[in-house]
Visitor: 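Sharing a structure, written as structure tokens. Questions coming.
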Amino acid sequence: EAGVAQSPRYKIIEKRQSVAFWCNPISGHATLYWYQQILGQGPKLLIQFQNNGVVDDSQLPKDRFSAERLKGVDSTLKIQPAKLEDSAVYLCASSLGGSTYNEQFFGPGTRLTVL
Amino acid sequence: GESVGLHLPTLSVQEGDNSIINCAYSNSASDYFIWYKQESGKGPQFIIDIRSNMDKRQGQRVTVLLNKTVKHLSLQIAATQPGDSAVYFCAERWGYSTLTFGKGTMLLVSP
């Protein structure tokens, strides 16, 4: 079974530029998550989708971050404009459903460096 | 023993030793806990989980212990192997809330 796919794997940009990340979840997984992982810390949830609807975006900095999952499958996360503190690994995860006990499967992440 | 490395506590063990990684969780209402393993350049990988109505659960070479009285979770790895070298995170959830990850611990296994 193919895992969660993410691209690009690495991205370097200047501050104030824009960047977008793409995620393709495991086939059949209704729930998709985007996490931010700053070096030396655990992942922090940015947004959770159930199919194409947002379940939780309480920790998404909405003045600069946006995410969409228009057809309930692939998702994109965008940062515009980027700040130095956005340097992190952005992880996408998916699960069969949003239930407490549905295992989340993580992709390899996109490492973003903002200069 | 344990030491503070680059933002992460580090546990160094010899191959074949048993390892114990500890985690203090934050919310007394948490009812579900997971341990994840994260290797360099990869996303976290599920190892084992435990619900709050249990105090111990065993998997293959791993055991998770839960002490709700002191809000403490531990992961025991038996006969640690070099392939176990990674950063380990505990995560907690309460009700229908999202997962909250703790600070990680780096496990270094020398041959």
Visitor: Name the region of B:Gln45, side chain, backbone, both or neither, that has any atom closer than 4.5 Å to a heavy atom of chain A.
Guide: neither
Visitor: With sequence neighbours excluded, tell me which residues meet ring-ring contact (aromatic ring centres under 6.0 Å, His included) with B:Tyr36.
Guide: A:Phe106, B:Phe101
Visitor: Would you indicate whether the side-chain heavy atoms of A:Ser58 and B:Thr98 approach each other to under 4.5 Å?
Guide: no
Visitor: In terms of heavy-atom pairs under 4.5 Å, which option from A:Gln6, A:Arg9, A:Lys44, A:Gln37 contacts chain B the most?
Guide: A:Gln37
Visitor: Inspect the surroundings of CD in B:Gln60 and state if more than 12 heavy atoms from other residues, nucleotides or ligands are less than 6.0 Å away.
Guide: no
Visitor: Identify whether B:Leu65 and B:Ile47 are in the same connected component of the hydrophobic contact network (ILVMFWY, side-chain heavy atoms under 4.5 Å).
Guide: no
Visitor: Any link between A:Tyr90 and B:Phe89 through a network of hydrophobic side chains (Ile, Leu, Val, Met, Phe, Trp, Tyr) touching at under 4.5 Å?
Guide: no
Visitor: What's the separation between atom CD1 in B:Ile34 and atom CD in A:Glu103, rounded to the nearest 0.5 Å?
Guide: 7.5 Å
Visitor: Looking at residues at least two apart in the chain, or sitting in another chain, which of them share a side chain to side chain donor-acceptor pair (under 3.5 Å) with B:Ser30?
Guide: B:Glu92
Visitor: Kindly compute the distance separating CD (A:Gln41) from CG (B:Leu8), expressed to the nearest 0.5 Å.
Guide: 9.5 Å
Visitor: Top residue by heavy-atom pair count (under 4.5 Å) with chain A, among B:Met106, B:Arg51, B:Lys42?
Guide: B:Arg51
Visitor: Hey, quick one: are A:Val114 and A:Leu60 part of the same hydrophobic cluster, counting side-chain heavy atoms closer than 4.5 Å, chains of contacts allowed?
Guide: yes
Visitor: So for atom CD, which belongs to B:Glu39, do other residues, nucleotides or ligands contribute more than 12 heavy atoms lying within a distance under 6.0 Å?
Guide: yes
Visitor: State whether the number of non-hydrogen atoms from other residues, nucleotides or ligands found under 6.0 Å of A:Lys71 atom NZ is greater than 12.
Guide: no
Visitor: Using the side chain to side chain donor-acceptor pair (under 3.5 Å) criterion, which residues pair with B:Ser19? Sequence neighbours excluded.
Guide: B:Thr80
Visitor: Step through the shown structure and confirm whether more than 12 heavy atoms of other residues, nucleotides or ligands are within 6.0 Å of NZ on B:Lys68.
Guide: yes
Visitor: Testing the basics here: between B:Gly43 and A:Leu91, what is the closest heavy-atom pair and its distance to 0.1 Å?
Guide: CA-CD2, 3.9 Å
Visitor: Counting only non-hydrogen atoms closer than 4.5 Å, can you tell me which residues of residues 13-23 of chain A sit against chain B?
Guide: none
Visitor: Is any side-chain heavy atom of B:Leu99 less than 4.5 Å from a side-chain heavy atom of A:Tyr35?
Guide: yes
